[in-house]
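Please read all numbers here as calculations on a predicted model, not as lab measurements.
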Amino acid sequence: MEVGIVVNCEDLFSDSHWRVCQAFATFVTQRTTGGKVQLRPLVPRTQEEQVEHSLAAERRRMRLVHADIMKDLLTNRAFQQVEVQEAEKAVPAERTQVESVELVLPPHANHQVNTFGGQIMAWMENVATIAASRLCNAHPTLRSIDMFHFRGPSQVGDRLVLKAIVNNAFKNSMEVGVCAEAYQGEEPLRHINSAFMIFEVCDRDGKPCTLPKIQPEPLEGRRRYQEAIARKKIRLDRKYIISCKQTEVPLSVPWDLSNQVYLSYNNVSALKMLAARNNWVLNSEKNKVSLYTLEQKQVLSFKIEFEADVPAERVFMVLSDLSKRVEWDPNYERCELIHRVDDDDFLYRVVTPSICRGGVSSSPSANQGGMVQDFILLASRRPPCDSGDPYVIALRSVTLPTHPPTEGYNRGEVLCAGFSIMEVSNTVSKISYFNQASPEVLPYISTDIAGLSSSFYGTFCTCSTFLQDNRDNPTPKDQPPSSTLNSTLL
């Protein structure tokens, strides 16, 4: 199970409040006789709980592939060629090494005589802080903890051996690796915990100070040095893609193997949060095909909703193949599958006709309404993670070094778009299409929003007919084969 933790602080004199930290803790329940306990499913009660429930499933996906991402990065030739930076005043890593031993007493354990996880974390932070201070000769501040992983239990009577060393020092931060091992009597050491802690040193104004370079030990030190660089890249990707608000980052984020899981997470979570908004305004309706709009923070979003007499799973499979969209959407002139990332994520290049004098033109040289547009899209599909959860097909723009903007085409960007498919009955589905309208997308829908046309109705009637025509076709297990991206991308 995942438990969300938020720590807030308040000043009762000034009535000010601020967030101290946020974390997500994963627990596994075990029987006293051994073996895991099968937990009862959690039933979300509100729309907000439903969104968090879905995002927890996405975070679990990220945790499960973290080791694979690290492996891919470390086997990348660019990382293998990273040289240790020689510096005159580089601090030998051995100088930062710290080791301490703690005896687990009854006050350190719960009623089952297992050592409190928080107590182990506190001891680990102590040795990590000392190791960090040996590098900077100052008082370091803990900024974040990367993957605190409890590998085994500890009980009253255990001696805990805590080891810490600075793995790498960057300009304003350093990574300290911490390991906790336990033993009783003559038994061998048991590895019970490990973590990577990120420290900074701030001046009197609270600004990060420049840190000394680190000189790693041979062999093992070199490995830790390179792994710290890989973990920093993953943290920066995660912060860049997830932590920032949608309006504060470029729409098209560079895609590569190290950040694709976070881009996929952001893709799906952004669509689910957009769908969860409850202040959609009905703009127009025609024969049960409804157009809604939502204005928030100077961003206009629209939603088109209709029902189809096709099972939800079948709708999901048909609409997941974006290359088939040209058969029902006139705004998709061409769509080619560039790369199949995995079973749930795909990269497409989409070409759309230019807008000119209220119509469209398919000629790349059309100048009346601008050039023909193309988009590089990441399509992420997700089946329901629980009953009541929709099928999701999320779309967002990315950039690929193998597919730069080309002459004759205006490279457009999609912020957040896609389909949410709810099961109404065994044979009926409610389909919702969402789009946060970027400047490149808005011209295709502006006349509908203004009430000057109802082209959206014709488009999604065609979509409904397309779904009906493909209702009984065999469900494809895989997407069409894709071209392989060259080594410049990988």
Side-chain angles (χ1 to χ4, degrees), residues 1-27 44-53 55-56 59 98 100 102 105-111 115-148 150 162 164 169-176 178 193 195-211 235-236 238-249 269-270 273 276-279 295-299:
M1 74 183 82
E2 179 190 279
V3 178
I5 305 165
V6 178
V7 181
N8 293 317
C9 193
E10 63 177 351
D11 187 331
L12 298 179
F13 293 96
S14 63
D15 195 30
S16 58
H17 301 76
W18 63 94
R19 177 170 293 186
V20 178
C21 68
Q22 180 179 9
F24 298 98
T26 305
F27 291 84
R45 300 293 183 185
T46 65
Q47 193 172 42
E48 182 180 359
E49 290 178 356
Q50 181 68 59
V51 172
E52 285 300 324
H53 187 264
L55 295 184
R59 285 189 287 268
V98 177
S100 71
E102 299 286 349
L105 299 173
H108 301 143
N110 59 24
H111 62 286
T115 313
F116 286 123
Q119 180 62 69
I120 297 175
M121 293 169 70
W123 283 333
M124 293 176 72
E125 183 184 348
N126 286 343
V127 295
T129 302
I130 297 171
S133 63
R134 286 185 172 179
L135 173 71
C136 60
N137 295 321
H139 297 291
T141 301
L142 178 64
R143 290 302 185 196
S144 64
I145 300 175
D146 195 334
M147 291 289 185
F148 229 122
F150 289 88
L162 305 152
F170 308 100
K171 181 179 179 181
N172 300 122
S173 65
M174 70 184 93
E175 180 191 281
V176 180
V178 193
N193 206 319
F196 303 96
M197 301 188 182
I198 315 305
F199 288 87
E200 289 181 353
V201 178
C202 298
D203 59 20
R204 293 181 179 180
D205 297 326
K207 296 181 180 180
C209 300
T210 301
L211 298 174
R235 286 193 299 271
L236 290 176
R238 186 169 55 212
K239 180 179 179 180
Y240 183 65
I241 297 166
I242 298 174
S243 301
C244 296
K245 296 179 181 179
Q246 294 271 354
T247 55
E248 295 177 351
V249 298
S269 62
M273 288 189 286
R277 301 291 185 189
N278 56 11
N279 48 346
E295 290 187 62
Q296 193 170 35
K297 296 182 180 179
Q298 299 181 337
V299 176

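Counting heavy atoms from C-beta on, the side chains of Ile5 and Gln22 never come closer than 4.5 Å. Using a 4.5 Å cut-off on side-chain heavy atoms (C-beta onward), Arg19 and Val7 make no contact. A 4.5 Å side-chain heavy-atom check between Thr210 and Asn172 finds at least one atom pair inside the cut-off. By the 4.5 Å heavy-atom criterion applied to side chains, Arg134 and Val98 are counted as neighbours. Inter-residue side-chain proximity for Phe24 and Val3 is flagged as unmet; no heavy-atom pair is nearer than 4.5 Å. Residues His17 and Asn8 form no side-chain contact, since every pair of their non-hydrogen atoms from C-beta on lies 4.5 Å or further apart.
Closest heavy-atom contact between Ala56 and Glu2: CB-OE2, 3.5 Å.
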Which pairs of donor and acceptor atoms, one on a side chain in residues 124-132, lie under 3.5 Å apart (sequence neighbours left out)?
{"from": "Thr129", "atom 1": "OG1", "to": "Glu125", "atom 2": "O", "distance (Å)": "2.8"}

Per-pair distances, 0.1 Å, donor-acceptor, side chain in residues 196-208, under 3.5 Å, sequence neighbours excluded:
{"from": "Glu200", "atom 1": "OE1", "to": "Arg143", "atom 2": "NE", "distance (Å)": "2.9"}
{"from": "Asp203", "atom 1": "OD1", "to": "Asp205", "atom 2": "N", "distance (Å)": "2.9"}
{"from": "Asp203", "atom 1": "OD1", "to": "Gly206", "atom 2": "N", "distance (Å)": "3.0"}
{"from": "Asp203", "atom 1": "OD1", "to": "Lys207", "atom 2": "N", "distance (Å)": "2.8"}

Residue pair Met1, Thr26: steps toward the side-chain contact (heavy atoms from CB on, under 4.5 Å) verdict: CA-CA 6 Å; Met1 74 183 82; Thr26 305; over 6 Å; no

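In this structure, CG on Asn193 lies 5.0 Å from CZ on Phe148, to the nearest 0.5 angstrom. Rounding to the nearest 0.5 Å places SG of Cys136 at 6.5 Å from CG of Leu211. Here the OG1-CE distance, from Thr115 to Met121, works out to 14.0 Å after rounding to the nearest 0.5 Å.
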